[in-house]
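Step one of this worksheet: look at the structure below.
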Amino acid sequence: FCSPNYSLKSVSGDFTWNSMSGRSVRLKSVPIQSLSELERARLQEVAFCQLQQDCDLGCQITIPKDGQKRKKSLRKKLDSLGKEKNKDKEFIPQAFGMPLSQVIANDRAYKLKQDTHREEQRDVSELVTSLLPFGSKRQNKELSSSNSSLSSTSETPNESTSPNTPEPAPRARRRGAMSVDSITDLDDSQSRLLEALQLSLPAEAQNKKEKSRDKKLSLNPIYRQVPRLIDSCCQHLEKHGLQTVGIFRVGSSKKRVRQLREEFDRGVDVVLDEEQSIHDVAALLKEFLRDMPDPLLTRELYTPFINTLLMDPHEQLNTLQLLIYLLPPCNCDTLHRLLQFLATVASHAEDRKDEDGQEIPGNKMTSLNLATIFGPNLLHKQKTTDKEFTVQSTARAEESAAIIAVVQKMLENYEMLFMVPADLQNEVLISLLETDPDVVDYLLRRKASQLS
């Protein structure tokens with residue numbers, strides 16, 4: 001296979017792309033978050049083909065839709081309408097009970113609003129600072145001159161901060177040595193196939209046709225798509241709660257948890273400090289995951305994930321990895337952040353001694369205990385009421401054991417599961433080469449600059 005400037009050499013697992021100018025790019029295993037948005041979309045397709053061809057899961061496999069809307073039964077529709085009429089809506093929820101992609105879009109919109117507000121405040125502050133010396137020089141002049149000066153300068157801040165005359169927006173901050181979001185950043189020779197490529201938010205492509213989807217994806221890695229609530233809770237618990245015995249098992253204050261929930265739902269910039277109860281924050285994290293309309297591992301992939309238990313350990317890990325690649329990027333990134341955090345909690349489960357020989361109690365939350373708590377929230381077919389669970393307790397027990405086993409396996413091997421090996425990256429590039437050779441050329445140059 002050849003791109004306009006590269007040729008591929010593959011020998012016993014060594015995937016090297018050589019340029020005509022003598023530069024070579026040897027593909028290495030990389031974190032999935034380092035791939036561009038376009039590469040991740042193609043990785044889904046490559047993983048899907050491999051699962052169908054090489055993995056005997058004994059069930060149908062589909063690529064989950066990002067933020068898809070579920071059909072409601074007539075009764076549920078009537079119930080929801082009744083609640084809306086009777087409920088005094090003070091605000092529209094921003095976090096709980098919403099599709100994950102929408103939560104992240106809300107977080108981005110709020111951050112953009114805050115950043116814009118801070119920019120405006122800084123501009124006004126700088127303007128006032130710049131005018132102070134000018135004003136002091138006029139203090140000893142005649143009153144009429146002073147009034148005239150004040151009159152002329154008073155128009156300046158209004159003009160500079162007018163919404164009708166905004167300053168040109170700065171170029172987007174670039175990540176890495178090479179970065180491109182649109183055709184304007186590429187050479188003229190690369191424009192033919194890339195003129196429609198642009199950065200898009202996860203929620204923007206929900207209702208687009210698949211053929212036009214790739215044309216709207218970025219050629220750069222996009223920032224981790226993790227809800228602000230999950231990241232804030234994980235950071236707080238990593239900083240203050242790793243030595244807390246029975247974290248996630250001890251009860252919390254329902255009133256304080258409800259208050260935190262409302263603040264996040266209102267889009268408030270919540271600050272979790274050391275005075276915040278560990279158990280309240282832990283309960284809030286579990287509540288967010290439980291209330292998601294679609295579980296983090298998605299309903300479409302419930303049976304495939306469970307059926308990996310029928311495989312030998314090595315084959316199971318490889319299949320789990322491919323299934324994770326099928327997840328929408330927001331689910332994938334959020335799952336990685338959560339498993340990373342839970343693995344850190346599990347690493348502090350046992351008692352140990354510090355450098356001075358002092359006993360440090362463990363939190364007793366092993367990977368099995370954590371999988372038992374979080375598994376049913378991450379992987380399920382449908383939400384079950386307490387009454388339904390009691391009636392079907394025997395059947396549910398077997399499913400729960402399977403869910404716990406799968407989540408425990410993922411927790412204990414999360415670092416490997418979110419890496420993309422060289423052979424799969426190579427398949428992605430070959431797939432892109434067939435339709436977008438200029439894209440492959442750009443991606444390889446970016447990889448080369450990152451390696452150097």
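Side chains are part of it too, since the values below use all heavy atoms of this structure and drop only hydrogens, waters and symmetry mates.
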Problem set entry | Backbone of Pro361 reached by a side-chain donor or acceptor of Asp351 within 3.5 Å | no

Exercise. Measuring from Leu284:CG to Gln259:CD, what's the distance to the nearest 0.5 Å?
Worked result: 11.5 Å

Exercise. Out of curiosity, His380 NE2 to Tyr302 OH, how far, rounded to the nearest 0.5 Å?
Worked result: 10.0 Å

For this session: Check Met98 against Pro93 and note the closest heavy-atom contact, atom names and distance.
Result: SD-O, 3.0 Å

Problem set entry | Pair Asp441-Arg446, salt bridge (charged side-chain N to carboxylate O under 4.0 Å, His left out): steps then yes or no | CA-CA 9 Å; Asp441 185 60; Arg446 186 166 64 88; over 6 Å; no

Problem set entry | Leu432 CG to Glu39 CD distance, which is reported to the nearest 0.5 Å | 7.0 Å

For this session: Show the numbers, then the answer: is there a side-chain hydrogen bond (donor to acceptor under 3.5 Å, both in side chains) between Ser367 and Glu412?
Result: CA-CA 7 Å; Ser367 60; Glu412 292 174 347; 2.6 Å; yes

For this session: Please round to the nearest 0.5 Å and tell me the distance separating atom CD1 of Ile360 and atom CG of Asp354.
Result: 4.5 Å

Exercise. Distance from Thr308 atom OG1 to Leu317 atom CG, nearest 0.5 Å?
Worked result: 9.0 Å

Exercise. Just by modelled atom types, is the Met311 backbone N or O under 3.5 Å from a matching donor or acceptor in the Gln316 side chain?
Worked result: no

Seminar exercise, completed: In short, Gly375 meets Val407 closest at the heavy-atom pair CA-CG2, 3.7 Å

Exercise. Which atom pair, heavy atoms only, marks the closest approach of Leu379 to Thr298?
Worked result: CD1-O, 4.5 Å

Problem set entry | Glu350 atom CD, neighbour heavy-atom count above 12 within 6.0 Å | no

Exercise. Side chain of Arg290, backbone of Asn377: donor and acceptor closer than 3.5 Å?
Worked result: no

Exercise. Have Tyr325 and Gln50 got a donor and an acceptor in their side chains that come within less than 3.5 Å?
Worked result: no

For this session: In plain terms, say whether Asp294 and Lys65 are close enough for a salt bridge, that is, a side-chain N and a carboxylate O under 4.0 Å apart.
Result: no

For this session: Taking all non-hydrogen atoms of both residues into account, name the closest pair between Val420 and Gln425 and its distance.
Result: O-NE2, 3.0 Å

For this session: Could you walk me through whether Arg108 and Gln225 pass side-chain contact (heavy atoms from CB on, under 4.5 Å), step by step?
Result: CA-CA 10 Å; Arg108 287 184 175 181; Gln225 299 184 54; 3.8 Å; yes

Problem set entry | Pairwise ring-ring contact (aromatic ring centres under 6.0 Å, His included) hits with a residue in residues 401-431, at least two apart | His336-Tyr414, His336-Phe418

Exercise. Strictly under 6.0 Å, is that where the ring centroids of Phe248 and Phe374 end up?
Worked result: yes

Problem set entry | Between CG on residue Leu35 and CG on residue Leu424, distance to nearest 0.5 Å | 10.0 Å

Exercise. Can Asp107 and Lys111 be counted as an ion pair, charged N to O under 4.0 angstrom?
Worked result: no

Problem set entry | Side-chain donor/acceptor of Ser125 to backbone N/O of Gln121, under 3.5 Å | no

For this session: Please answer whether the main-chain N or O of Gln243 pairs with a side-chain N or O of Asn363 as donor and acceptor at a distance below 3.5 Å.
Result: no

For this session: Return yes if some donor-acceptor pair links the side-chain N/O of Thr334 with the main-chain N/O of Asn331 below 3.5 Å, else return no.
Result: no

Exercise. Does the distance from a Lys or Arg side-chain N to an Asp or Glu carboxylate O, for Glu238 and Arg337, drop under 4.0 Å?
Worked result: yes

Exercise. Salt bridge (charged side-chain N to carboxylate O under 4.0 Å, His left out) between Arg40 and Asp333: does it pass, once the steps are laid out?
Worked result: CA-CA 12 Å; Arg40 290 182 73 166; Asp333 290 358; 2.8 Å; yes

Problem set entry | More than 12 heavy atoms of other groups within 6.0 Å of Glu359 CD | yes

Exercise. Between the main-chain N or O of Asp438 and the side-chain N or O of Asp436, is there a donor-acceptor pair closer than 3.5 Å?
Worked result: no

Exercise. Do the non-hydrogen side-chain atoms of Asn369 and Arg249 ever get within less than 4.5 Å of each other?
Worked result: yes

Problem set entry | Pair Phe96 and Phe288, ring centroids less than 6.0 Å apart | yes

For this session: Begin from the C-alpha positions of Arg42 and Glu427 and carry the test salt bridge (charged side-chain N to carboxylate O under 4.0 Å, His left out) through to its verdict.
Result: CA-CA 9 Å; Arg42 285 298 175 95; Glu427 290 294 325; over 6 Å; no

Problem set entry | For Gln276 against Val281, the heavy-atom pair lying closest together | CG-CG2, 3.7 Å

